[in-house]
Every structure is written in structure tokens, then in C-alpha cells.
Amino acid sequence: MTTLGENLESVRKRIAAACTAAGRDPQQVTLLAVSKTVHAPTLAQAVAAGQTAFGENYIQEALDKMRLLQALPIQWHCIGPIQSNKTRLVAEHFAWVHSLDRLKIAQRLSEQRPAQLEPLQVCLQVNVDQAASKGGVMPDEALALAREIARLPRLRLRGLMTIPEPAVDFASACVVHARTRSLWEALRRDGLDLDTLSMGMSADLEAAVHCGSTLVRVGSAIFGARQPRV
Ligand SMILES: *Cc1c(COP(=O)(O)O)cnc(C)c1O
């Protein structure tokens, strides 16, 4: 087996072990392979090892890989910031967007989603630790924005996504993930039909699964440490 295959296997085992520890069914947690800066042939190897969902942060980089890998059964997820002038490309080429945090962008994506494709599956990104420098809607504004997004015809609001500051240990990661989980529950109680909690990365996926994550976004634990982007 390749190193990549071994890495994937070990991430799947981590997810399964975390589910067992939390009394959850491992089928409830999707693994999204975060492939920013990773070249197309490596993604093809990951597909050969059974991985089909990939997350990309940079639109142009993702489009280049989509072209090279169009023969493969890949589901593409956009997990990076989206400028207004990129919404059409996102609406036309991705299955999912996790990084939605503005109504204007959501409206454009809905208007530009091609009629022959399924609705774009979206998560609302929440700035759960309220860091000024970061994307995501503030927690106290999430409900109002989620209600507006849920009304858009060509989007299907699936849940929440967070990128918390790195935590020092399991317990402190859980404090933050539990906050996202409660916000998600509050939105569901409000009547929003959400089934996705996109939280947990290479370093904190166990804590995220413990707190109810349904989708972990894992990059470096699968593909190795990233080179700084130039
Ligand atoms: C890069 C990235 C990840 C993956 O991070 P790792 O620590 O490499 O697993 C997950 N989510 C988002 C939004 C990212 O940008």
C-alpha cells in the first residue's frame, strides 16, 4: 500500500475509534479529504484508495484539478472564502459549499446554479470563537442568516461549518465544538432541516466526533504537511 493509502486507512480508523468511544455509528461521519495545494495525480491515488469527497480552498486551483480528473467520480466541496466574482464558477462546478457567511454570496450562488444540476448543498460558516480576523457569521447572527439562506430556491442548507483556533487538548477542543453543536441544535429547534455539522480537522477530529460532527475535513493527516502557498 502507498503511504497515502496508509494515511487514509489510519484516518478512517481514527474516525471509527472516535465514533465507538462516543457510542456513534461510524457511518454517520463523512471524511472530506482536504486537497488544497495537492496535485491532481495524488488525488487520483486517493480516489483509487476509495476516497471520493474532496475539499478545496482556492477556486482556480480546484477548477484545474476538476479538468484533469473529470473522468473520476469525485464530489467537490468548496471550503474557502468566495469572492462575488467567483460565485458563478462555484455554482457551476461544486456539489457543496461549506464557507457561506454572507447573504449576498448565497443569493448569487442560488441565481447562478445551473438548472440541470441538483441544488447546491451548503453549510453556513460560523465564527465560533469570534476572532475578528476570521470568516464566518457571528453566532448570534447565525439564525437570521440561516433562515434567509434556507429560503433560496437553488440552495439546500445542510448545516454549520467551523474552523476554530487550534486547541491545546481534547477538553478545550470540546468546549468550542460543543458550542457549535448547541447552535446547530438551536437552529434545528427553530425548524431548519439540518443534518450536517462540518467540524474537525487533522488535529481535533476526535473531539469533533465526540461533539457530534457529521463531516470531518482532513488535509495534512492524509496528504502530509503542506508547503506554504506561493
Ligand atoms: C486546510 C483546511 C482543513 C484541513 O486542515 P488539516 O489541519 O490539514 O487537516 C480543513 N478545513 C479548512 C477550511 C481548511 O482550510
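Numbering of residues begins at 1 and proceeds along the displayed sequence. Counting convention: from 1, in listed order, for ligands and their atoms alike.
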Q: If a pair satisfies ring pair (Phe, Tyr, Trp, His ring centres under 6.0 Å) and one of its residues is in residues 109-148, list it, with sequence neighbours excluded.
A: none
**Q.** Donor + acceptor pair across side chains of Gln121, Arg156 (<3.5 Å)
**A.** no
Q: Consider only side-chain N and O atoms of Ser198 and Arg217, and report whether a donor and an acceptor are under 3.5 Å apart.
A: yes
Q) Mind checking what makes side chain to side chain contact (heavy atoms under 4.5 Å, CB included) contact with Pro81, not counting sequence neighbours? A) none
Q) Who passes side chain to side chain contact (heavy atoms under 4.5 Å, CB included) against Ala44, sequence neighbours left out? A) Leu69, Leu72
Q. Do Leu152 and Glu111 come within less than 4.5 Å of each other through their side chains, counting heavy atoms only?
A. no
Does ligand 1 have any N/O atom under 3.5 Å from a protein N/O, and what are those pairs and their distances?
{"unit_1": "ligand 1", "atom_1": "8 (O)", "unit_2": "Ser220", "atom_2": "N", "d": "2.8"}
{"unit_1": "ligand 1", "atom_1": "8 (O)", "unit_2": "Ser220", "atom_2": "OG", "d": "2.9"}
{"unit_1": "ligand 1", "atom_1": "8 (O)", "unit_2": "Arg226", "atom_2": "NH1", "d": "2.8"}
{"unit_1": "ligand 1", "atom_1": "8 (O)", "unit_2": "Arg226", "atom_2": "NH2", "d": "3.1"}
{"unit_1": "ligand 1", "atom_1": "9 (O)", "unit_2": "Ser202", "atom_2": "N", "d": "3.0"}
{"unit_1": "ligand 1", "atom_1": "9 (O)", "unit_2": "Ser202", "atom_2": "OG", "d": "2.5"}
{"unit_1": "ligand 1", "atom_1": "9 (O)", "unit_2": "Gly219", "atom_2": "N", "d": "2.8"}
{"unit_1": "ligand 1", "atom_1": "11 (N)", "unit_2": "Arg217", "atom_2": "NE", "d": "2.9"}
{"unit_1": "ligand 1", "atom_1": "11 (N)", "unit_2": "Arg217", "atom_2": "NH2", "d": "3.4"}
{"unit_1": "ligand 1", "atom_1": "15 (O)", "unit_2": "Lys36", "atom_2": "NZ", "d": "2.6"}
{"unit_1": "ligand 1", "atom_1": "15 (O)", "unit_2": "Asn57", "atom_2": "ND2", "d": "2.7"}

